[in-house]
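Note that the structure is a prediction, hence the values are computed from the model and not measured.
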Amino acid sequence: MQRLQSGCACSNSMVEAGFGTAVMPTFALAACRRHRVRTDVLVKPKVGLDFYRIAKRGAQEAEAMQAFVATLEKALPALSR
């Protein structure tokens with residue numbers, strides 16, 4: 001569990017610094033509260049485990065990120081079987 005917490009903290013720090021976004025499971029949400037990031041629950045498609053997309057607050061969403069989210073939404077049903 002320590003390794004997972006370190007990974008979440010690292011991802012959150014990178015997002016907070018503006019180095020992209022992250023997708024994390026629900027149980028990592030508490031780690032997000034210590035950072036200046038926005039969390040959005042990913043609900044489409046519905047999967048057995050909720051995931052959040054983490055992005056820097058106030059940052060404009062890049063076209064590449066929109067494409068990534070669309071690809072992820074298509075891929076998640078196959079990953080959740």
**Message:** A22: which residues meet the side-chain contact (heavy atoms from CB on, under 4.5 Å) condition with it, sequence neighbours left out?
**Reply:** S11, V15, M24, I54

**Request:** Please indicate whether Q60 has more than 12 foreign heavy atoms, meaning atoms of other residues, nucleotides or ligands, lying under 6.0 Å from its CD.
**Result:** no

**Message:** Nearest 0.5 angstrom please: T71 OG1 to Q66 CD, how far?
**Reply:** 12.0 Å

**Request:** Just jot down the salt bridge (Lys or Arg N to Asp or Glu O under 4.0 Å) partners of R38, sequence neighbours excluded, or say none.
**Result:** D40

**Prompt:** Which pairs, with at least one residue in residues 14-29 and sequence neighbours excluded, count as a salt bridge (charged side-chain N to carboxylate O under 4.0 Å, His left out)?
**Reply:** E16-R36

**Prompt:** Can you name the closest pair of heavy atoms from S13 and H35 and give their distance?
**Reply:** OG-CE1, 3.3 Å

**Request:** Only pairs at least two apart or in different chains count here, so list each salt bridge (charged side-chain N to carboxylate O under 4.0 Å, His left out) that has a residue in residues 20-35.
**Result:** none

**Asked** Where do V37 and C32 come nearest, in terms of heavy atoms and distance?
**Response** CG2-O, 3.7 Å

**Listed once per pair and sorted, the salt bridge (charged side-chain N to carboxylate O under 4.0 Å, His left out) pairs that draw on residues 59-69, sequence neighbours left out** = R53-E61

